[in-house]
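A short worksheet on the structure shown next.
Because the structure is predicted, anything quoted here is derived from the model rather than measured.
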There are 4 protein chains.
Amino acid sequence: MMNDPEHAFTERALKQRERILEAARLCFLKRGFHGASIADIAHEAGMSPGLIYRYFPSKQAIIKAIIERQLESGRRALEEIKSAEDFVQGILNAIEHWRSGCANHMNAPLFLEISAEATRDPEIAATVEEADRLIKNHLLEAMQRTARSKVLYQDPRRANARILLLMSVVEGLAIRACRDPQLDPDLLRCALTKFIAGLQADEREYAAAAQAHSSCTKT
Amino acid sequence: MMNDPEHAFTERALKQRERILEAARLCFLKRGFHGASIADIAHEAGMSPGLIYRYFPSKQAIIKAIIERQLESGRRALEEIKSAEDFVQGILNAIEHWRSGCANHMNAPLFLEISAEATRDPEIAATVEEADRLIKNHLLEAMQRTARSKVLYQDPRRANARILLLMSVVEGLAIRACRDPQLDPDLLRCALTKFIAGLQADEREYAAAAQAHSSCTKT
Amino acid sequence: MMNDPEHAFTERALKQRERILEAARLCFLKRGFHGASIADIAHEAGMSPGLIYRYFPSKQAIIKAIIERQLESGRRALEEIKSAEDFVQGILNAIEHWRSGCANHMNAPLFLEISAEATRDPEIAATVEEADRLIKNHLLEAMQRTARSKVLYQDPRRANARILLLMSVVEGLAIRACRDPQLDPDLLRCALTKFIAGLQADEREYAAAAQAHSSCTKT
Amino acid sequence: MMNDPEHAFTERALKQRERILEAARLCFLKRGFHGASIADIAHEAGMSPGLIYRYFPSKQAIIKAIIERQLESGRRALEEIKSAEDFVQGILNAIEHWRSGCANHMNAPLFLEISAEATRDPEIAATVEEADRLIKNHLLEAMQRTARSKVLYQDPRRANARILLLMSVVEGLAIRACRDPQLDPDLLRCALTKFIAGLQADEREYAAAAQAHSSCTKT
DNA sequence: CATGAATGAGGGTTCATTCAT
DNA sequence: AATGAATGAACCCTCATTCAT
């Protein structure tokens, strides 16, 4: 509207960035960060390669934007998990979304690509780590809130271990789920249920023990 | 000495292949499969780019060789885990090796790279899957052998779920361990111990239930 | 202007393809198909090497385009020969054009290059053969039309032999003419005239014999 | 035998050069001068690439040696033609040899390769021209010797035209014969016979005319 | 704002040639 | 004399990026 030298925040500009990012996501999905070319992305977005550079300074910038979006999707997935009635079902839904390639959800091949990239680019590593920390905190808070025994989480080491485990399991399952598209969803559910049951059993057990006497940490 | 039309198996040739593969491993580690150039690898190996093609027909062949070696390392790691006195300790050792970047052990950034590549290249996918199946079978057999209750593993679904879970956890932990080099090894141990304890508790529980009456499957 | 997904047929694109092909022709002339590099061609065309690949998918494609053009020139030359008042003069003009290196005419060094290439590449061989067949048919038809005795061409073997001979002579003379730039055009004319005279004498002779009695083939 | 710093003329050395040249000939035949590599030639010769450089200073030198050999074969072919009872049959034999790929005979694909190379490399051009001149002279002398009318050849222009024509026809037929391996040998013979008959008829005619009165040049 | 032609550095690969053994 | 490992320049081709229109 206004004669705005900074065009970056016009509604149109936002829409264009959106188009580019969605196209990039699809291309990266199909061919990886390095395999997808700007020309591919431009074609997928239905625009010219040159135009992309009006909205992003470089391919690397697109990659970083995609990474941030995916991490943001991860956070959103967390919210959904937290608000789901059934915790297990929530995680399964999340994993299913990973497999789906849907735009609004973290996606396993991209997750691999991102993780790999993070091992090389310190800036990406920092971004990923930051997102990780945020998720970890949310998760911790959620677990504390719903825990049968608050005590369990008073020991930060124990709490961290549980969260580390939970996140590793989810990621590990998600990667396998993506690597093997034939993997039976029921098997996934079965494995995850068992795992969560284990966590809860542990919690219960700990709660019982805690009730018996004040504080006896048994590793 | 011998009238050897194929130079590929002389001692020197083997040593050169080794030099190249080790250089490639380091380069792939630093820059990824696509980011590392033949020139990089040649430089790292202290030889000219052309020479590499005396020992490998293409860069892709080097990548595949690296992948196979890593998968082989994975299998070796499994053997070590199986033969370790303490199962948990065995896995922790394995994960520690992943982090070390040592040539003889599976290595987490490469694992990510491989998984990402398998998403796109069907041949690599097949290789990875094959290795996976082999490990799964070994693991299954090992778990059956040491199980307190053989019955538990008679239900293939249940057995598969346990293995899926175990492998996912190990991989998930390994990736996190590699992504965050500051991650406290003790925390890792704590998480893994808890997980294994959960698995064993489940087994025990199941054995008890099985003893109560002949066969009551409770998912 | 138009919503044209294929840029290949815009006026500019055609002009560029033309520029490239003409540059390629000159380079191939100077250094042969294999001796001329894409960089040479790009330099000759006054453009960057990369740009060439916007208009041709590979060097091989350029070679094939050049070959097709040359064969097309051969067909055009044939038309000119057929429409020339004097057959001998028409052929001499054609040969002179071969020597000129002009873009619109078949050119002897390229003809050699093409023939040599056809020896190895079956696809090129097929293209050349196809063009050859076409020329042969045209020539046959022209000779039949202007023949003093139609009977002569009723024996396909005899007709084919005459055409084979004619084409071989023209090509042979053209190659020599190109190999030895000092070769006197008058000598060329003299030789060719004699040859054509021989052909016509044969025809006449045959016609006379045929008139004597119905059919006496004397090889 | 002797401690000979110039090893170039040892019997062994000659044998080695022979081996290399024959291998080179086969490789050049299959893949052309540029398509055949030193490694190919070494392999075909059953020796190491390095050894080749003990007997030839460069690939170019091998090419030149091959060219000289082929030209020499051309000269030998000429001798055979001259000594054949039937001139036509002699030429047909020669052409058949061109097609055969036999070591001792000029060979059509190589002839193409050589002619093409001669248009670029002045040194090769000179060699070829030299050989050509030699053949021309021999042919001239032979034709004069066997001519029914010596007078015909007293006009050098007329003589040169006949020779130019003859050589062009032979080369032209040879190239076509090599380009189209399916070409019927009988057709070849038919065409050539007709051509030679034409030459002889011309000669006869000229002799008759010459007899009529002393000297009346008609074209 | 948008295009897509143009650039040129750099990638994988080949191969004539050299040289230590 | 002979090997074949090693070199490095040059090849074909791709693609991130720029810029005239």
Side-chain angles (χ1 to χ4, degrees), chain A residues 7 10 12-13 16 34-43 46-63, chain B residues 1 4-5 7 10 12-13 15-16 34-42 45-63, chain C residues 1 4-5 7 10 12-13 15-16 34-42 45-62, chain D residues 7 10 12-13 16 34-43 45-63:
Chain A
H7 74 288
T10 334
R12 164 154 201 88
Q16 290 285 61
H34 289 79
S37 71
I38 290 286
D40 289 337
I41 296 172
H43 181 80
M47 60 175 65
S48 66
L51 190 52
I52 287 184
Y53 284 83
R54 180 169 287 274
Y55 299 100
F56 292 92
S58 68
K59 186 184 177 185
Q60 188 66 8
I62 298 179
I63 293 177
Chain B
M1 227 28 120
D4 192 359
H7 81 286
T10 61
R12 165 149 205 101
K15 221 180 277 179
Q16 290 287 64
H34 295 355
S37 72
I38 289 288
D40 290 337
I41 296 172
M47 59 177 63
S48 66
L51 189 52
I52 288 186
Y53 288 85
R54 176 172 280 275
Y55 300 102
F56 292 92
S58 67
K59 187 185 176 185
Q60 188 65 8
I62 298 179
I63 293 178
Chain C
M1 228 28 116
D4 192 1
H7 81 288
T10 63
R12 164 151 207 100
K15 221 178 277 176
Q16 291 286 63
H34 295 350
S37 71
I38 287 288
D40 290 336
I41 296 172
M47 59 175 65
S48 67
L51 189 52
I52 287 186
Y53 288 86
R54 176 173 278 275
Y55 300 101
F56 292 92
S58 67
K59 186 185 175 185
Q60 188 66 6
I62 298 180
Chain D
H7 75 287
T10 332
R12 164 153 200 90
Q16 291 285 61
H34 289 79
S37 71
I38 289 287
D40 289 337
I41 297 172
H43 181 80
M47 60 176 64
S48 65
L51 190 52
I52 287 185
Y53 284 82
R54 180 170 285 274
Y55 299 101
F56 292 93
S58 68
K59 186 183 174 184
Q60 188 65 8
I62 298 179
I63 292 177

Examine dA6(E): is either OP1 or OP2 under 4.0 Å from a nitrogen or oxygen in the side chain of Gln16(C)? Give yes or no. yes

Contacts of Ser37(C) that satisfy side-chain hydrogen bond (donor to acceptor under 3.5 Å, both in side chains) - sequence neighbours left out: Asp40(C)

Nearest whole angstrom, please: distance from the P of dT17(E) to the CD1 of Ile41(D). 11 Å

Just to confirm, is there a sub-4.0 Å distance from OP1 or OP2 of dA2(E) to any side-chain nitrogen or oxygen of Tyr55(A)? yes

Watson-Crick and G-U pairing of DNA chain E written in dot-bracket, each distance under 3.5 angstrom, with | for inter-strand partners: .||||||||||||||||||||

With a 3.5 Å distance limit and no angle check, can you tell me whether Ser58(B) reaches the backbone of Ala61(B) through a side-chain donor-acceptor pair? yes

Look at the side chain of Lys59(B) and the backbone N and O of Ala36(B), then say whether any donor-acceptor pair between them is shorter than 3.5 Å. yes

When the distance from NZ of Lys59(C) to C1' of dT14(E) is rounded to whole Å, what number comes out? 13 Å

Under 4.0 angstrom between Ser48(D) side-chain N/O and dT3(F) OP1 or OP2: yes

His43(D): side chain to side chain contact (heavy atoms under 4.5 Å, CB included) partners, not counting sequence neighbours: none

Restricting to side chain to side chain contact (heavy atoms under 4.5 Å, CB included), what partner residues turn up for Ser48(C), sequence neighbours left out? Leu51(C)

Please enumerate all protein N or O atoms sitting under 3.5 Å from an N or O of nucleotides 18-21 of chain F, with distances to 0.1 Å.
none

